[in-house]
Amino acid sequence: MIQELGKRPYAIVQLRQDDKQASLYNMVGFQTNLKFKEQKRIFSKIPGLEQAEFVKYGVMHRNTYINSSKLLDNTYNLKNTPNLYFAGQITGVEGYVESISSGMVAALNASDVFWDGVKKHQFSEHTVIGALAKYISTPNEKFQPMNANFGILPELEGKKIKDKKMRYEKLAKRSLGQNIANMREIC
Ligand SMILES: Cc1cc2nc3c(=O)[nH]c(=O)nc-3n(C[C@H](O)[C@H](O)[C@H](O)COP(=O)(O)OP(=O)(O)OC[C@H]3O[C@@H](n4cnc5c(N)ncnc54)[C@H](O)[C@@H]3O)c2cc1C
C-alpha cells in the first residue's frame, strides 16, 4: 500500500473491528492531546471515515501507580507488610516486558520465602530487570513510571565509550555475565 502510493505516510490509523456486526471499530492505541472537536474534524477526512460516527475519542493514557519509591523494596515486596507483593504497572514500571519482569521478580521471591524463608532472587542492578527493581524502590521525590532502557544501568567502568552500539553491547555483555548465577537458579 505504502509502495503503491509512492510516498511516506505521516501516520497510520489502525482500525480493529469491535463488534460482530462490523459496525464498531476501535482506533488502536489512539493516544492524542487533540480536542475532541478537532479529532472529529481531522479523522473525518480519512477516506472511508467521512460519514463515521465517533463514539469514543483518543485520550492520552495515564498510569495509576503507587509510590513504590517509598513503599516497596527491590523484590516488589511491600516493606511494612512482608507477605504482600505488587507487580506490573501499578508499581511504576511501564510496558509489557517491564510488567512481566516485575511479576517474575515478585513471584520468584514470594515462592522463595514460602519454601525457604529467604528471598534469593535479587537481580543485579547491572541487569535491566535489577535496575528497574532498584529504580522503583529507590527514594525519589519525583517518582515517575519507567521503561526498560540502557539509561537506568550504572555506567560502564573505565573510559566512556562514545559509540552507542558498542556501549550498549558492553552493557549487555556485562549484564549477562553478572546474572548468570541467578539465571541458572531460575532455569
Ligand atoms: C493505549 C496504550 C498503548 C500501549 N502500548 C504499549 C506498547 O506498545 N508496548 C508496551 O510495552 N506497553 C504498552 N502499553 C503499556 C502496557 O499496556 C502496560 O504497561 C501493561 O499492560 C501493564 O500490565 P499490567 O498487567 O501491569 O496491567 P494491565 O494490563 O492494566 O492489567 C491489569 C488488569 O487488572 C484488572 N483489574 C483492575 N482493577 C481490578 C480489580 N479491582 N479487580 C480485578 N481486576 C482488576 C484490569 O481489568 C486489567 O485486566 C500501552 C498502554 C496503553 C494504555
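Read the numbers this way: they start at 1 and go in the same order the structure lists the ligands and their atoms. In this chain, numbering begins with 1 at the start of the sequence shown.
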message: Give me the nearest non-hydrogen protein atom to atom 17 (O) of ligand 1 as residue plus atom name, then the distance to 0.1 Å.
response: Tyr96 CE2, 3.2 Å
message: Could you identify the single nearest non-hydrogen protein atom to atom 26 (O) of ligand 1 and state the distance to 0.1 Å?
response: Gln89 N, 2.8 Å
- request: Taking the side chain as every heavy atom from C-beta outward, state whether Tyr85 and Val113 have any pair of such atoms under 4.5 Å apart.
  value: yes
task: Return a yes/no value: protein heavy atom under 4.0 Å from atom 41 (N) of ligand 1?
output: no
field: Atoms in ligand 1 with a heavy atom of Gly88 nearer than 4.0 Å
entry: 26 (O)
- prompt: Any side-chain donor-acceptor pair under 3.5 Å between Thr75 and Asp73?
  reply: yes
Sub-4.0 Å protein heavy atom next to atom 37 (C) of ligand 1: no
message: Can you report which non-hydrogen protein atom sits closest to atom 19 (O) of ligand 1, along with the distance?
response: Gly95 N, 2.9 Å
query: So between Ser99, Ser102, Gly58, whose heavy atom ends up nearest atom 22 (C) of ligand 1?
result: Ser99
message: My question is simple, although I want it checked carefully: is atom 7 (C) of ligand 1 less than 4.0 angstrom from any protein heavy atom?
response: yes
query: Side chain or backbone of His61 under 4.0 Å from ligand 1, or both, or neither, by non-hydrogen atoms?
result: side chain
query: Who's the nearest protein heavy-atom neighbour of atom 1 (C) of ligand 1, and how far?
result: Gln31 NE2, 3.3 Å
message: Would you say atom 31 (O) of ligand 1 makes contact with the protein, given that contact here means a non-hydrogen protein atom less than 4.0 Å away?
response: no
- line: Closest heavy-atom pair, Gln21 versus Asp19, reported as atoms and distance to 0.1 Å, is OE1-OD2, 3.0 Å
- request: Could you label the plane-to-plane angle of the Phe43 and Phe30 rings as parallel, tilted or perpendicular, counting under 30° as parallel and over 60° as perpendicular?
  value: perpendicular
message: If you scan the protein for heavy atoms around atom 34 (O) of ligand 1, do you find one that is closer than 4.0 Å?
response: no
field: Heavy-atom protein neighbour under 4.0 angstrom from atom 47 (O) of ligand 1
entry: no
